[in-house]
Amino acid sequence: MDKIITRFPPSPTGALHIGGARTALFNWLYARRTGGTFVLRLEDTDKARSTQESVDAIFQGLEWLGIDWDEGPFYQSKRTEIYQEHIQKLLDEGAAYYCTCTPEELDEKRKAAMARGDKPKYDGTCREKGLEKCEGAVVRLKAPQTGKTVFEDKVKGTIAFDNQELDDLIIARSDGSPTYHLAVVVDDITMGVNTIIRGDDHVSNTPRQILLYNALGYPVPTFAHVPMVLGADKKRLSKRHGATSVVEYKDMGILPEAMINYLARMGWSHGDQEFFTVDELKQVFTLENIGKSAGVFDPARLLDLNGDHIRAAKDKRLAPLFIEQLAKLGVETEEGEYLYQVMETLKPRAKTTIELAEKALFYYADDIEYDPKAANKCLKAEAVPALELLIEKLEAADVSDEKQVEEAFVQVMEATGLKMGKIAQPVRVALTGQTASPGIFEIVQILGMDKVKARLAKAMDYIRQQEA
RNA sequence: GUCCCCAUCGUCUAGCCCGGUCCAGGACACCGGCCUUUCACGCCGGCGACAGGGGUUCAAAUCCCCUUGGGGACGCCA
């Protein structure tokens, strides 16, 4: 088998959305897996809708996901001569012809055909007229009117269309610019693309494109049509379903490796395995294991997977993201041992890096604010003696040793006759302001004696104030 | 409307190609419980699906047909 060459050809008319990102991912993974080449191409022939902002947004999305390309980015807008040559070649060979039907006429014919219950295809008015090039004329492919166009789809199997169903598609607009079908096929041919992995909304475009390959005299590439990603209502994913642009998930505290894992697992499977690293995917991704049916985008699963990836992430990898989120909450801090320890206690408790930062706030606060319910429930007079004794015991110990911290708590338990819960909860609220937090011993160890003492003292003051 | 594609728990899916080992397995979500200083994590358990109908066969989630449902395409958009 020749070297695999895949491509991702977004049209820059918006951000990189979930579906596009998955298409890019599959093409990228397949190229990586097979040692092939991955090409990036911007399909910007629609001048009215293509924007530089969209181009940038797409780059940004790919960069965030870590999807890199080997060739390109190519811009269709810069390849007009190449398209002209191929269009002219088809014209010269009689495989294409000029058509002077106006958009209005065409529109009427379409409506009439629909009303009749027919397929709204071009009726071939100009097909045999032998028209010369003239103002306002488009170029149409002279497609076969009988027979079948059949292809072997890597995920769907054999797909066949009667050529009667197809019509003479326009390959050049009246301004001479190439249309989508012509441009894609010429690009894929000239860029050597031999494996086309794309959304299955393209299956009905495929026979038309195959006809173009035939007319141009080039071998037809391998097609793999991946099922679409739908929203919870089974409709095409759109703004109504929440965030559709991948970078929005970055801002939501999602890790790119989690997004990739999620995207890969939706529509593709590898036995019962759910968790994949990117490197792993590059090793095991295959076209054969892509499912045939459309899938619903499920944010809950993404979140769960993100939690798994947070837990699996190395400190060095997570630290910058954590710091960034802390900064958004007004905490300026830097990477170091303290930060690592903080992260370690929070990793199993966070589904996003935002959550990670939110739960870390008490580690950085100068003054703890009590959650009213928590204070009400735990900061009561009966806790004072235990807190006082705890300060005493902790001061006598080395709090940098978690074991000694625990020992201090045990001593307080024994001396007061209170259960661990009765001591730990007031301490937890005193140190964090909340009833839910990482383990109390590790918090004491990380915070250090000075802060612990100050916070416990403050809690006792608070209790006395409440009692008074 | 016409053509194309699809159809296993609420969701993502394994199994389907090469029928029996499947009164259908895993994961998310949900509900119980365990662990325990709280919350998570983890562990254990529960809930929960082969769209319907016909065939073929000793035997069908698996093969065939029909119906229904969903999606897509039908542009001088990509």
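Proteins get letters first, then strands, A, B, ... in listed order; numbering begins at 1 in each.
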Span of RNA chain B in contact with chain A (heavy atoms, under 4.0 Å) | B:G1 to B:A78
When we call it a touch if two heavy atoms are under 4.0 Å apart, what does A:Ser269 touch: a base, just sugar-phosphate, or nothing?
-> sugar-phosphate
Remember a base hit wins even if backbone is also touched, and classify A:Cys101 as base, sugar-phosphate or nothing at under 4.0 Å, heavy atoms.
-> base
Applying a 3.5 Å limit to both distances, which nucleotide forms a Watson-Crick or G-U wobble pair with B:U2?
-> B:A73
Do any N or O atoms from the side chain of A:Thr190 and from the backbone of A:Asp187 form a donor-acceptor pair under 3.5 angstrom?
-> yes
Report which part of the nucleic acid A:Ser293 touches: base, sugar-phosphate, or nothing (heavy-atom distance under 4.0 Å, all strands).
-> sugar-phosphate
One should read off an interatomic distance between A:Leu216 CG and A:Ile171 CD1, to the nearest 0.5 angstrom, of 8.5 Å
Spacing of the P atoms in B:A14 and B:U8 (rounded, Å) = 10 Å
Base, sugar-phosphate alone, or nothing: which one does A:Glu43 contact when heavy atoms must sit under 4.0 Å apart?
-> sugar-phosphate
Does the gap between the ring centers of A:Phe285 and A:His270 come in under 6.0 Å?
-> no
Judged by modelled atom types alone, do A:Asn163 and A:Thr146 share a side-chain donor-acceptor pair under 3.5 Å?
-> no
Pairwise 5' ranking along RNA chain B for A:Asp162 and A:Trp268, keeping only the more 5' one | A:Asp162
Assign A:Tyr180 to base, sugar-phosphate, or nothing according to its heavy-atom contacts below 4.0 angstrom with the strands shown.
-> base
Report which part of the nucleic acid A:His225 touches: base, sugar-phosphate, or nothing (heavy-atom distance under 4.0 Å, all strands).
-> nothing
Determine the Euclidean distance between corresponding P atoms of B:G46 and B:C39; express it in Å to zero decimal places.
-> 24 Å
Taking atom C1' in both B:G25 and B:G70, what distance in whole Å separates the two?
-> 26 Å
Between A:Lys121 (side chain) and A:Gln164 (backbone), is there a donor-acceptor pair under 3.5 Å?
-> yes
If you look at every strand shown and take non-hydrogen atoms under 4.0 Å, does A:Lys419 touch a base, only sugar-phosphate, or nothing?
-> nothing
Tell me, yes or no, whether the heavy-atom count around A:Glu108 atom CD, taken from other residues, nucleotides or ligands under 6.0 Å, exceeds 12.
-> no
Base, sugar-phosphate, or nothing: which does A:Phe441 touch, judged by heavy atoms less than 4.0 Å apart?
-> base
Taking the six-membered ring for Trp and the single ring otherwise, decide whether the centroids of A:Tyr462 and A:Tyr370 are under 6.0 Å apart.
-> yes
With a 4.0 Å heavy-atom cut-off, tell me which residues in residues 203-214 of chain A come close to RNA chain B, sorted by residue number.
-> A:Val203, A:Ser204, A:Asn205
Whole-angstrom distance between B:C16 and B:A59, as gauged at atom C1' | 16 Å
Report which part of the nucleic acid A:Arg49 touches: base, sugar-phosphate, or nothing (heavy-atom distance under 4.0 Å, all strands).
-> base
Look at the rings of A:Phe161 and A:Phe151 and say which category their plane angle falls in: under 30° parallel, 30 to 60° tilted, over 60° perpendicular.
-> parallel
Could you check whether A:Gly439 gets within reach of a base, just the sugar-phosphate, or nothing at all, counting any heavy atom under 4.0 Å?
-> base
List the steps and the verdict of side chain to side chain contact (heavy atoms under 4.5 Å, CB included) for A:Leu346 and A:Tyr363.
-> CA-CA 11 Å; A:Leu346 264 14; A:Tyr363 280 116; 4.0 Å; yes
Checking N1-N3 plus N6-O4 or O6-N4 for Watson-Crick, or N1-O2 and O6-N3 for wobble, each under 3.5 Å, the partner of B:G32 is B:C44
Complementary nucleotide for B:G19 - Watson-Crick or wobble, under 3.5 Å | none
Pair assignment for B:U62, Watson-Crick or G-U wobble, requiring both distances under 3.5 Å = none
B:G20 to B:A61 separation - P atoms, rounded to the nearest Å | 10 Å
Check every strand shown and say whether A:Pro438 touches a base, only sugar-phosphate, or nothing at a heavy-atom separation below 4.0 Å.
-> base
Separation between the C1' atoms of B:A7 and B:G15, rounded to whole Å | 16 Å
Mate of B:U68 across any strand shown (Watson-Crick or G-U wobble, both atom pairs under 3.5 Å) is B:A7
A:Lys458, NZ atom: more than 12 neighbouring heavy atoms under 6.0 Å | yes
Toward the 5' end of RNA chain B, which comes first, A:Arg173 or A:Ala350, by nearest nucleotide?
-> A:Ala350
If you look at every strand shown and take non-hydrogen atoms under 4.0 Å, does A:Ala160 touch a base, only sugar-phosphate, or nothing?
-> sugar-phosphate
Are A:Trp69 and A:Phe59 an aromatic pair by the rule of ring centers under 6.0 Å?
-> yes
So what does A:Met114 hit on the nucleic acid, given a heavy-atom distance under 4.0 Å: a base, only sugar-phosphate, or nothing?
-> base
Between B:G10 and B:C35, how far is it from one P atom to the other, in whole Å?
-> 33 Å
For A:Lys156, answer base if it contacts any base atom (sugar-phosphate contacts may also be present), sugar-phosphate if it contacts only those atoms, and nothing otherwise; contact means non-hydrogen atoms under 4.0 Å.
-> sugar-phosphate
Is it true that a side-chain atom of A:Lys156 and a backbone atom of A:Lys292 form a donor plus acceptor pair closer than 3.5 Å?
-> yes
Gap in Å between the two P atoms, one belonging to B:A24 and one to B:A60, rounded | 16 Å
Is B:A49 paired to anything, Watson-Crick or G-U wobble with both distances less than 3.5 Å, and if yes, which nucleotide?
-> none
